[in-house]
2 protein chains.
Amino acid sequence: MNNKEKLRNVGLRPTKQRMIIAKILLNGVNRHFTAENLQNEINSSGNSMSIATIYNCLKKFRNCGLIKQVESSKETAIFDTNINQHHHFLDEETGELIDIENEEINLFKLPEIPKGYVNSGVEVLIKLRRQI
Amino acid sequence: MNNKEKLRNVGLRPTKQRMIIAKILLNGVNRHFTAENLQNEINSSGNSMSIATIYNCLKKFRNCGLIKQVESSKETAIFDTNINQHHHFLDEETGELIDIENEEINLFKLPEIPKGYVNSGVEVLIKLRRQI
DNA sequence: TTTTTACTTTAAAATCGTTCTAAACTACTT
DNA sequence: AAGTAGTTTAGAACGATTTTAAAGTAAAAA
């Protein structure tokens with residue numbers, strides 16, 4: 001499926017700007033990035049785009065499930081092209097994230113989900129400190 | 001141990017402002033809060049404090065291990081008085097966090113820690129959606 | 001096609017949470 | 001009591017993100 005179809009499938013108009021971003025993000029390679037990272041890549045691909053458009057687009061992509069936003073207490077929002085359930089190592093010093101595939105963690109026992117709610121995803125974060 | 005001793009124990013001077021905040025936070029009751037939440041409580045306790053002092057104090061308290069900061073992609077930093085390893089439910093709609101005690105989750109299998117690092121804490125986040 | 005409509009992009013301003021600055025203050029040491 | 005090192009403060013500054021409102025564009029209707 002090409003990017004135009006991917007966008008149409010989730011109900012987004014394939015505008016010029018969204019296609020440029022889709023080309024960068026939806027190529028099957030998993031990665032973490034910020035809005036600023038993405039703008040730099042757009043620029044170095046010979047294109048340019050308002051930062052407002054980049055934020056609009058990332059929010060739409062996220063809400064449509066094309067990308068994920070990582071739970072992180074960094075000041076800048078971090079996005080992830082890996083939309084499957086998976087987990088992360090976090091280098092507490094640098095903020096760097098490393099993917100952990102879902103199968104590498106086995107959650108043997110889970111607590112009861114509060115009444116009226118359903119589980120919509122489990123994320124495990126393993127924080128790391130450099131060994132001394 | 002009283003609050004003055006708690007502060008001294010971690011190498012912090014027990015100033016008037018830190019004692020006010022310690023009285024609110026270090027009373028054994030576990031809770032989540034933001035800097036703004038805390039300022040409101042300080043105000044309604046009849047005291048007042050510069051927002052800069054509140055941020056300074058929260059950062060010091062966190063760095064000294066008196067409180068924790070929650071990994072969350074909310075725009076505002078969320079702190080937690082529960083400093084034991086534990087986990088959270090997250091209501092994705094409202095952002096509300098509910099504690100999950102450490103014993104309620106059993107991580108049966110963990111991935112190998114990357115070379116040169118040590119595990120400095122595991123946080124599990126169970127995201128919740130309201131049942132329809 | 002052409003026209004219409006709804007959605008999208010944009011630069012610039014605004015907002016929000018947080019940090020910085022530098023002067024006044026205070027806890028602790030001498 | 002005096003010195004000094006750490007702390008508090010208001011207000012300015014900052015950085016990430018959102019809003020604004022006007023211009024542009026994709027899709028639908030005619």
Side-chain angles (χ1 to χ4, degrees), chain A residues 2-24 32-43 45 47-64 66-80 95, chain B residues 2-24 32-43 45 47-64 66-80 95:
Chain A
N2 63 32
N3 287 336
K4 190 171 274 192
E5 287 169 343
K6 283 183 195 167
L7 293 175
R8 285 233 166 83
N9 266 355
V10 296
L12 293 179
R13 280 192 189 175
T15 64
K16 181 167 158 269
Q17 289 79 356
R18 286 176 187 161
M19 289 297 286
I20 291 170
I21 292 181
K23 191 171 181 182
I24 295 174
H32 307 115
F33 63 96
T34 65
E36 200 195 349
N37 294 156
L38 182 57
Q39 188 170 45
N40 291 337
E41 288 187 58
I42 292 168
N43 291 339
S45 78
N47 294 290
S48 81
M49 206 175 294
S50 161
I51 191 70
T53 304
I54 294 174
Y55 277 106
N56 284 343
C57 185
L58 289 176
K59 218 192 277 187
K60 292 261 184 190
F61 275 31
R62 181 198 58 198
N63 293 344
C64 294
L66 294 174
I67 61 176
K68 270 185 164 186
Q69 183 168 356
V70 178
E71 294 294 331
S72 142
S73 52
K74 294 210 79 179
E75 55 302 320
T76 311
I78 299 173
F79 296 90
D80 194 335
Chain B
N2 63 31
N3 287 335
K4 190 171 272 191
E5 287 169 344
K6 284 184 193 165
L7 293 174
R8 284 233 166 84
N9 264 356
V10 296
L12 292 178
R13 277 192 191 174
T15 64
K16 181 168 157 266
Q17 289 80 354
R18 287 176 185 159
M19 289 298 285
I20 291 170
I21 292 182
K23 190 171 180 182
I24 294 174
H32 307 116
F33 62 97
T34 65
E36 201 195 347
N37 294 156
L38 181 57
Q39 190 172 42
N40 291 336
E41 289 187 58
I42 292 167
N43 292 338
S45 78
N47 295 290
S48 82
M49 208 176 292
S50 161
I51 191 68
T53 303
I54 293 174
Y55 277 105
N56 285 343
C57 185
L58 289 177
K59 217 192 275 187
K60 292 263 185 187
F61 275 31
R62 181 197 59 199
N63 293 345
C64 294
L66 294 174
I67 61 175
K68 270 185 164 185
Q69 183 168 358
V70 178
E71 296 293 332
S72 143
S73 54
K74 295 211 78 180
E75 55 302 322
T76 311
I78 299 173
F79 296 90
D80 193 335

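Values below: all heavy atoms of this structure, side chains included; hydrogens, waters and symmetry mates excluded. Throughout, a chain's letter reflects where its sequence line sits, starting with A, and its residues are numbered from 1. Remember, predicted model here, so these are calculated numbers, not experimental data.
Take the nearest nucleotide of DNA chain C for Pro14(B) and for Tyr55(B): the residue whose nucleotide is more 5' is Tyr55(B).
Across all strands shown, Lys59(B) has heavy atoms under 4.0 Å from sugar-phosphate atoms exclusively, and none from any base. Across all strands, Lys60(A) comes closer than 4.0 Å only to sugar-phosphate atoms, never to a base (heavy-atom distances).
Using a 4.5 Å heavy-atom cutoff, the side chains of Glu36(A) and Thr76(A) are not in contact. Annotation: side chain of Lys23(B) is not in contact with side chain of Ile20(B) (no heavy-atom distance under 4.5 Å). For the pair Arg18(A) and Leu12(A), the minimum side-chain heavy-atom distance is below 4.5 Å. Leu7(B) is not listed as a side-chain neighbour of Thr15(B), based on a closest heavy-atom distance of 4.5 Å or more.
The distance between atom NZ of Lys74(A) and atom C1' of dT17(D), rounded to the nearest whole Å, is 17 Å. Here the C1' atom of nucleotide dT8(D) and the CE atom of Met19(B) are 17 Å apart, to the nearest Å. Spacing between atom CD1 of Ile78(A) and atom C1' of dA16(D) amounts to 13 Å, rounded to whole angstrom units. For the pair Asn37(A) CG and dA16(D) C1', the computed distance is 13 Å after rounding to whole Å.
Listed for the Asn43(B) side chain is no donor-acceptor partner under 3.5 Å among the backbone atoms of Asn40(B). Side-chain N or O atoms of Glu41(A) include none that pairs as donor or acceptor with a backbone N or O of Leu38(A) at under 3.5 Å.
Proximity of Arg13(A) to the phosphate of dA27(D): no side-chain N or O atom is located under 4.0 Å from OP1 or OP2.
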Under 3.5 Å between N/O atoms: give me all the protein pairs with nucleotides 9-11 of chain D, atom names plus distance.
residue: dT9(D); atom: OP1; partner: Gln17(B); partner atom: NE2; Å: 3.4
residue: dT9(D); atom: OP2; partner: Ser50(B); partner atom: N; Å: 3.4
residue: dT9(D); atom: OP2; partner: Thr53(B); partner atom: OG1; Å: 2.5

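Residues Asn56(B) and Thr53(B) have side chains that never bring a donor and an acceptor to within less than 3.5 angstrom of each other.
For Lys60(A), the NZ atom is loosely surrounded, since the number of other residues' heavy atoms within 6.0 Å does not exceed 12.
Of the candidates Lys68(A), Gln69(A), His32(A), His32(A) is the only one forming a side chain to side chain donor-acceptor pair (under 3.5 Å) with Asp80(A).
With a cutoff of under 4.0 Å to any heavy atom of chain B, the contacted region of DNA chain C is bounded 5' to 3' by dG17(C) to dC28(C).
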